[in-house]
Amino acid sequence: MRKIIFVTGNSHKVKEAGDILSPLGITVEQNNCGYPELQEDELEKIAAYGAEYAAKKLGSEVMVDDSGMFINSLCGFPGPYSAYVFDTLGNERILKLMEGERDRKAVFRCVIGYCRPGEKARLFAGEVEGEISHESRGNEGFGYDPIFAVGGRTFGEMGEDEKNRLSHRYRALLKFSGWLKNPGLKSTY
Ligand code: IMP
């Protein structure tokens, strides 16, 4: 088993990454050392900066995860500001913003940043298309899971296994693990 340090304060992300990566021969270990979360308009920039910062700070290879939910009818809001908006508005206020809106399409994106000390970060992106539900449903998962639905069911209504088979995080981690096994591969996107 190869062990990679996952720098994040979010233990839900660590659990999901562990469940997805362990069958692929990779274990993850959470490290809470933190990194400055840039207020940038692209998840890629935030993940790259975080991975490079943490690799330097810890002196070892690390991975980070920056994710965001992009709502079509709100021009991609909250996107890269998803953490701030979740903490300030929360799911119920987002549902309020969406009241009467027929276009409920949304995309969840995840960018995994991986970095070794002294190197540039490598990025692996995954996304899943879904819809903002009309009400909060389900108690599973975390964050926006109760209002983000795929195939009519919110992530909050799905068990971990079901979410982990189709999520943005799963898709990004699959690319990441493929590259780890074959680092000669050029493209990460
Ligand atoms: P960040 O990647 O930690 O910046 O996350 C942005 C926001 O999206 C936070 O409020 C997270 O709780 C939320 N979030 C990230 N990943 C997921 C997910 O898989 N499901 C639901 N919410 C998520």
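Counting begins at 1 with the first residue of the sequence. As the structure lists them, so they are numbered: ligands from 1, and atoms in each ligand from 1. Quick note: numbers below take in every heavy atom, side chains included, and nothing from hydrogens, waters or symmetry partners.
Ligand 1 has no N or O atom lying under 3.5 Å from any N or O atom of Asn10, backbone or side chain. Ligand 1 has an N or O atom lying under 3.5 Å from an N or O atom of Lys13, backbone or side chain.
At the top of the distance list for atom 13 (C) of ligand 1, counting protein heavy atoms only, stands Tyr144 CD1, 3.8 Å. Of the protein's heavy atoms, Arg169 NH2, 2.9 Å lies nearest to atom 16 (N) of ligand 1. Counting protein heavy atoms only, atom 9 (C) of ligand 1 is closest to Ala83 CA, 3.7 Å. Looking only at heavy atoms of the protein, atom 10 (O) of ligand 1 is closest to Phe86 CB, 3.3 Å. For atom 4 (O) of ligand 1, the closest non-hydrogen atom on the protein side is Asp66 OD1, 3.4 Å. Protein heavy atom closest to atom 20 (N) of ligand 1, with residue, atom name and distance, is Asp145 OD1, 2.6 Å. For atom 14 (N) of ligand 1, the closest heavy atom belonging to the protein is Phe142 CE1, 3.7 Å. Scanning all protein heavy atoms for the shortest distance to atom 5 (O) of ligand 1 gives Ser67 O, 3.7 Å.
Glu140 has no carboxylate O lying under 4.0 Å from a charged side-chain N of Arg153, or vice versa, which leaves the two without a salt bridge. A salt bridge does not link Arg165 with Asp161: none of the charged nitrogens is closer than 4.0 Å to a carboxylate oxygen.
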Discussion item. Apply side-chain hydrogen bond (donor to acceptor under 3.5 Å, both in side chains) to residues Glu61 and Tyr114 and explain how you reach the verdict.
Written reply: CA-CA 7 Å; Glu61 62 173 359; Tyr114 166 84; 2.3 Å; yes
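Ligand 1 has Lys163 within reach: a non-hydrogen atom of the residue lies less than 4.0 Å from it. Phe155 does not count as a contact of ligand 1, since none of its heavy atoms falls under 4.0 Å from the ligand. Contact analysis puts His168 in contact with ligand 1, with a non-hydrogen atom separation below 4.0 angstrom. Heavy-atom separations between Phe148 and ligand 1 are all 4.0 Å or longer.
In terms of modelled atom types and a separation under 3.5 Å, the side chain of Asp145 and the main chain of Phe142 share a donor-acceptor contact. Between the side chain of Arg104 and the backbone N or O of Met98, at least one donor-acceptor pair lies under 3.5 Å.
When each of Tyr144, Phe108, Phe124 is tested with His168 by the rule ring pair (Phe, Tyr, Trp, His ring centres under 6.0 Å), just one qualifies, namely Phe108.
Heavy-atom minimum distance, Leu21 versus Ser177: CD2-CB, 3.9 Å.
Annotation: side chain of Val62 is not in contact with side chain of Asn31 (no heavy-atom distance under 4.5 Å). Side-chain contact between Asn10 and Asp65 is absent, with no heavy-atom pair separated by less than 4.5 Å. By the 4.5 Å heavy-atom criterion applied to side chains, Glu37 and Val64 are not counted as neighbours.
Those atoms of ligand 1 that come under 4.0 Å of a heavy atom in Asp65, given as number and element, are 2 (O).
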